[in-house]
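Worksheet: the structure to be examined is printed underneath.
Just so we're on the same page: letters track the sequence lines, and every chain starts at 1.
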Number of protein chains: 2
Amino acid sequence: MDQSAESAQPVHQGTAPAPQGDAAPAQKGTVTQRAIDQIKTMIGEGRLEPGQRLPTERDLATRLGISRSSMREAIRALTVLGVLEARHGSGIYVTQLEAGDLLETFGVVADLSRGPRLVELLEVRRVLESTATGLAAARITPDQLADVEKHLAAMNATDDPEEILSHDLAFHRAVALAAGNDTMAAILEGLSSRTFRARVWRGYQEEGAFERTRREHARIHRALVARDPEAARAAAAAHVGEVEEWLRGRLEAGQEGEAGGEAGAEEPGA
Amino acid sequence: MDQSAESAQPVHQGTAPAPQGDAAPAQKGTVTQRAIDQIKTMIGEGRLEPGQRLPTERDLATRLGISRSSMREAIRALTVLGVLEARHGSGIYVTQLEAGDLLETFGVVADLSRGPRLVELLEVRRVLESTATGLAAARITPDQLADVEKHLAAMNATDDPEEILSHDLAFHRAVALAAGNDTMAAILEGLSSRTFRARVWRGYQEEGAFERTRREHARIHRALVARDPEAARAAAAAHVGEVEEWLRGRLEAGQEGEAGGEAGAEEPGA
DNA sequence: TCAGCCATAGTGGTCCGACCACATCTGTGG
DNA sequence: CCACAGATGTGGTCGGACCACTATGGCTGA
């Protein structure tokens with residue numbers, strides 16, 4: 001009953017030389033790809049709900065008429081996409097399908113981009129960050145504002161680049177969260193992935209960026225306190241735009257060139 | 001240091017007692033996940049350049065000291081992320097790592113989102129679309145404008161919903177492209193994935209949306225011709241905002257409820 | 001000589017069956 | 001009643017076999 005359900009599927013494995021001629025199966029793409037699409041469709045149609053547990057790998061494989069190996073590849077694919085989550089010894093589950101789950105892969109994009117693409121990425125971030133900050137100015141709650149201030153203070157209290165970067169990220173994350181659009185916050189999170197920021201900063205910080213960053217953050221904070229969306233938007237745009245411009249100039253100058261290694265300023269750095 | 005501490009690694013399959021005494025195994029996460037990270041790192045560090053061909057699956061597996069099965073899962077994962085591309089019978093290659101390659105997965109997010117998340121997604125799209133349209137008004141070339149007009153005309157010339165949707169998508173794609181930021185265009189592309197748009201439209205189009213859409217597109221076009229960024233931005237924002245508002249109202253009204261199936265209005269459709 | 005065909009090697013795609021490591025349930029003994 | 005140990009189920013890993021597709025190069029025939 002399982003696979004080979006049809007009269008005489010080719011079925012790889014040495015057997016059945018029969019070409020195909022049949023109609024139904026509609027062989028398109030690899031088996032694994034088909035499995036991926038099927039599961040994705042099941043979720044899309046609501047047959048599989050967030051948090052729900054899926055059948056066993058072995059079961060799924062049998063049901064879709066493929067081997068466990070292929071099924072595992074499909075599962076792995078959906079896992080990295082943040083759609084499924086495999087718990088060793090327990091089972092496979094559908095994630096909550098929230099912004100954070102699905103947009104985690106966005107970080108990969110940021111990490112692997114370089115050269116001109118970095119500027120484009122920053123341009124996108126500038127647009128979204130300014131919007132989010134503007135919204136935050138109108139919606140932020142006292143608690144959220146306190147959280148923002150905590151990271152602002154922490155950032156001003158240290159000179160350790162590592163720590164500064166951490167609180168810098170946390171600062172923006174808190175602001176984005178206050179904007180009330182989780183999806184936007186998740187995208188911004190990816191756009192500000194640690195390695196991404198670290199790469200850009202490496203060169204940037206050598207030009208008195210710390211002080212400037214602190215000043216700009218303070219300006220954003222003032223706008224939030226004043227509940228002034230326009231000021232907040234402008235401050236955020238300027239903040240990101242500052243880095244964007246620096247990077248753009250740097251690219252147009254010498255550092256250009258697809259040369260595999262240094263366009264984005266990455267050094268093992270000790 | 002590492003987990004279980006016992007000097008002699010269990011090493012699964014009884015065989016191969018010699019791991020590789022080399023520097024720090026650093027057992028973290030699954031073997032496959034490690035392989036994914038390693039390849040990702042290789043690319044990030046420039047040791048693997050866009051378009052370059054990778055060693056054989058079998059080779060890679062041996063080099064990283066894992067089985068081919070695990071290596072295949074890793075490759076599959078990076079394939080769906082748009083980082084690698086496997087050509088049957090030929091080899092595995094690094095993609096060009098362009099915006100389009102990496103952001104293709106963005107469509108999955110749009111396809112799997114529902115309920116409140118749909119509104120958030122539209123909000124993001126409104127922000128980016130308006131920005132892109134504004135930029136396009138300032139930068140669009142005659143050729144690009146002609147392309148935009150082509151789809152505008154085609155959309156006005158038919159009443160087939162399917163075709164209208166196609167040209168609607170193409171219209172916005174052309175505009176986004178004219179903005180000169182491929183990354184932004186790629187994100188918008190994902191945010192306007194066919195199934196996503198179709199789902200929203202299903203209900204929307206029943207309220208005289210065609211006519212309204214045509215009018216709004218015409219307005220965007222006029223702004224582009226006039227090279228008026230502000231007008232273009234406003235027109236685009238209003239265009240997307242229209243749908244956004246409609247969907248928001250629809251959610252707040254009855255259709256709410258996490259109920260697995262209809263919050264986003266998806267029907268197998270005739 | 002040279003175009004075109006075909007055998008062949010090389011590579012990804014699929015499948016199988018085994019075993020390991022972890023989570024959970026279950027039943028027993030305290 | 002609880003704690004612990006075993007049994008069971010599930011994902012994780014492995015190795016090897018074979019299929020399907022590409023690409024290459026040599027061979028054939030004009």
| message | Please determine whether any donor N or O and acceptor N or O are separated by less than 3.5 Å between the side chain of A:T30 and the base of C:dG12. | response | no
| task | Give B:I92 one of three labels, base, sugar-phosphate or nothing, depending on what nucleic acid heavy atoms sit under 4.0 Å from its own. | result | sugar-phosphate
| request: Enter the distance from A:R76:CZ to A:L78:CG here, rounded to the nearest 0.5 Å. | output: 11.5 Å
| said: Check the phosphate of C:dT11 against B:S90, side-chain N and O only, distance under 4.0 Å to OP1 or OP2. Yes or no? | reply: no
| task | Answer with yes or no whether A:R68 presents, from its side chain, a donor or acceptor under 3.5 Å of a partner atom in the base of D:dG12. | result | yes
| request: Give a yes/no answer on whether the side chain of B:R72 brings an N or O atom under 4.0 Å of OP1 or OP2 in C:dG12. | output: no
| task | Let me know the distance between CZ of A:R34 and C1' of C:dT14, rounded to the nearest Å. | result | 11 Å
| task | Quickly work out the A:E85 CD to D:dG12 P distance and round it to whole Å. | result | 11 Å
| query | Under 3.5 Å, is there a donor-acceptor pair linking the side chains of A:T141 and A:Q144? | reply | yes
| Quick one: the side chain of A:S69 and the base of C:dC16, do they pair up donor-acceptor inside 3.5 Å? | yes
| said: Would you say that B:L84 contacts B:I43 through its side chain, given a criterion of any heavy-atom pair below 4.5 Å between the two side chains? | reply: yes
| note | Here the distance between atom P of D:dG11 and atom CE of A:M71, to the nearest Å, is 11 Å
| request: Send over the distance from B:I36 CD1 to D:dG12 P, rounded to a whole Å. | output: 11 Å
| Roughly, in whole Å, what's the span from CD in B:E73 to P in D:dC14? | 10 Å
| remark: Walking DNA chain C from its 5' end, the first of B:A86 and A:R87 to be reached, judged by nearest nucleotide, is B:A86
| What's the CG-C1' distance between B:L64 and D:dT13, to the nearest Å? | 15 Å
| note | Taken to the nearest whole Å, CZ/A:R53 to C1'/D:dT10 is 7 Å
| request: Indicate, yes or no, whether a donor-acceptor pair under 3.5 Å links the base of C:dA23 to the side chain of A:H88. | output: no
| field | A:I66 CD1 to D:dC19 C1', straight-line distance once rounded to whole Å | value | 16 Å
| query | With respect to the side chain of A:E57, which nucleotide from C:dG13, D:dT13, D:dG12 is positioned closest? | reply | D:dG12
| query | Under 3.5 Å, side chain of A:T56 to main-chain N/O of A:R58, donor-acceptor pair present? | reply | no
| Does A:D37 reach the main-chain N or O of A:R34 with its side chain, forming a donor-acceptor pair under 3.5 Å? | no
| request: Check if the side chain of B:R58 and the base of C:dG12 share a donor-acceptor pair of N or O atoms closer than 3.5 Å. | output: yes
